[in-house]
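For reference, the structure is listed below as structure tokens.
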Amino acid sequence: MKSPIFIFSLPRAGSTLLQRILMSHKNISSISEPWILLPQIYATKNKGTLSEYSSLTSQVGINDFIENLPNKKESYINAQRKFLIELYSMQCQNNEKYFLDKTPRYYLIIDEIVELFPNAKFIFLFRNPVQVFASIVNTWGKGRFRNIISTYDDLIKGTKRLSEAYLKHKEISYSLQYEDLILNLNEKLSEISNYLDIPLQKGLETNFSSQDTIGALGDSTGVEKYNSISQEGLIGWKKVFNSFYRKRIIYSL
């Protein structure tokens, strides 16, 4: 494996579709949502985690340990990178060039990921937040708003963090709009292939339907429902926000 690919997006933004299309390429391996970098990076943070063993005390000990390494943080990051590269490489069982890590809540740690993997490839996938909200209501909320209170941070903080991180790292990243993925797929696949420095492979737009992301996480709804590129996600929000009350919710965000 040469280096990882990271898809940065909000949850319910089309990242599973993009993941399955890209992992159809012979040079790209991927599985579900690894989440592996979140505990790794939060291990040194003094907020954002809770644990039985006291994560607050733990981060003090880990940071003390880092301060006693020969080159302090640099030594720690280099060792951490080697460890993670080895794990990613073991997922590339057919000697693929890239392992693709698609974990939506990585929007919380984009800066740290770029620092950890400066030579990686970063694809920022943006989708209209109203469409994201509608998809959350339909899937996680089963059509009800009261069931999705825990996703507030994804919609509000996530949108802001994703945009700010892209502006900060756009010189080394590739930006993609969900609408363009759906409406201009072949053109965008050509651009992504150029960015990844791999040949454009025929059949990605159809072969993705046979890709199994393997794992408990990810968009099982979309995997089961769609075996071809659909424009339904571009207009489905209208069915969710179909009343005066529901439209007011959008304006209040």
Side-chain angles (χ1 to χ4, degrees), residues 1-11 13 15 19 29-93 96-125 149-173 213-218:
M1 188 195 79
K2 181 179 179 181
S3 64
I5 301 169
F6 294 99
I7 295 177
F8 296 138
S9 74
L10 298 181
S15 57
Q19 175 190 31
S29 173
S30 188
I31 63 163
S32 193
E33 295 179 5
W35 285 64
I36 193 168
L37 297 186
L38 286 160
Q40 286 289 321
I41 288 173
Y42 270 90
T44 59
K45 291 180 177 289
N46 61 9
K47 61 180 181 178
T49 57
L50 293 172
S51 68
E52 186 176 25
Y53 59 81
S54 177
S55 53
L56 185 59
T57 305
S58 173
Q59 66 85 23
V60 173
I62 292 172
N63 283 313
D64 279 346
F65 180 85
I66 292 171
E67 285 299 306
N68 283 283
L69 293 173
N71 293 308
K72 302 184 185 302
K73 186 178 180 181
E74 181 183 355
S75 295
Y76 181 76
I77 288 178
N78 287 339
Q80 193 177 41
R81 183 184 303 117
K82 290 178 182 177
F83 164 66
L84 292 163
I85 286 289
E86 182 176 357
L87 289 178
Y88 282 150
S89 296
M90 285 192 282
Q91 296 287 356
C92 298
Q93 298 180 13
E96 290 89 350
K97 182 177 181 179
Y98 293 107
F99 176 78
L100 189 158
D101 188 335
K102 190 276 292 187
T103 302
R105 289 201 174 92
Y106 279 176
Y107 69 72
L108 292 166
I109 54 171
I110 293 175
D111 288 347
E112 291 88 344
I113 291 176
V114 173
E115 180 183 25
L116 185 57
F117 296 104
N119 297 319
K121 297 294 185 178
F122 310 107
I123 299 176
F124 284 77
L125 176 62
I149 188 65
S150 63
T151 65
Y152 179 84
D153 282 355
D154 289 331
L155 286 167
I156 305 304
K157 294 182 181 179
T159 300
K160 185 174 185 291
R161 289 194 181 203
L162 195 66
S163 299
E164 290 177 345
Y166 174 68
L167 291 175
K168 186 174 182 180
H169 304 293
K170 64 180 180 179
E171 297 302 322
I172 57 172
S173 305
T213 52
I214 306 172
L217 300 177

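Numbering starts at 1 and runs along the sequence shown. Everything numeric here is computed off the predicted structure, so don't read it as measured data.
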Who are the side-chain contact (heavy atoms from CB on, under 4.5 Å) partners of Ser75, not counting sequence neighbours? Leu69, Pro70, Asn71
Non-hydrogen side-chain atoms of Ser9 and Tyr107 separated by less than 4.5 Å: no
All salt bridge (charged side-chain N to carboxylate O under 4.0 Å, His left out) counterparts of Lys170, not counting sequence neighbours: none
Which atom pairs, one a donor and one an acceptor, fall under 3.5 Å between side chains of residues 79-87 and the rest of the protein, sequence neighbours left out?
unit_1, atom_1, unit_2, atom_2, d
Gln80, NE2, Gln40, O, 3.4
Gln80, NE2, Gln40, OE1, 3.2
Arg81, NE, Leu116, O, 2.5
Arg81, NH1, Asn78, OD1, 2.8
Arg81, NH2, Leu116, O, 3.2

Angle class for the Phe117/Phe6 ring planes (parallel below 30°, perpendicular above 60°, tilted otherwise)? tilted
So how far is it from Leu125 CG to Leu10 CG, rounded to the nearest 0.5 Å? 9.0 Å
Salt bridge present between Glu164 and Lys160 (N-O < 4.0 angstrom): yes
Please enumerate all residues that pass ring-ring contact (aromatic ring centres under 6.0 Å, His included) together with Phe99, with sequence neighbours excluded. Tyr88
What's the separation between atom CE in Met90 and atom CE in Met1, rounded to the nearest 0.5 Å? 11.0 Å
Just to verify, what does Tyr166 make a ring-ring contact (aromatic ring centres under 6.0 Å, His included) with, not counting sequence neighbours? Phe124, Phe126
What's the separation between atom CG in Leu100 and atom CD in Gln91, rounded to the nearest 0.5 Å? 12.0 Å
Evaluate the side-chain proximity of Phe8 to Ile123: yes if any heavy-atom separation is below 4.5 Å, no if none is. no
What heavy-atom pair brings Pro4 and Ala120 nearest, and what distance separates the two atoms? O-CB, 3.4 Å
Report yes if the side chains of Ile7 and Tyr106 come closer than 4.5 Å at any heavy-atom pair, otherwise no. no
Contact between Ser29 and Tyr98 at the side-chain level, heavy atoms closer than 4.5 Å - yes or no? no
Within a strict 4.5 Å, meaning less than it, do heavy atoms of the Glu33 and Lys102 side chains meet? yes
Within a strict 4.5 Å, meaning less than it, do heavy atoms of the Arg105 and Asp154 side chains meet? yes
Could you give the distance from CD (Gln59) to CG (Asp64), rounded to the nearest 0.5 Å? 9.0 Å
Acceptor/donor pairs from residues 42-52 side chains to any protein atom, 3.5 angstrom cut, sequence neighbours excluded:
unit_1, atom_1, unit_2, atom_2, d
Thr44, OG1, Ile41, O, 3.3
Lys45, NZ, Glu112, OE2, 2.8
Thr49, OG1, Ser55, OG, 3.1
Ser51, OG, Ser54, N, 3.2
Ser51, OG, Ser55, N, 2.8

Quick check: do Phe122 and Ile110 have side-chain heavy atoms less than 4.5 Å from each other? no
Full working for side chain to side chain donor-acceptor pair (under 3.5 Å) between Asn63 and Glu67: CA-CA 6 Å; Asn63 283 313; Glu67 285 299 306; over 6 Å; no
Contact between Ile36 and Thr103 at the side-chain level, heavy atoms closer than 4.5 Å - yes or no? no
When every non-hydrogen atom of Gln93 is compared with those of Glu96, the smallest separation belongs to N-OE1, 3.5 Å
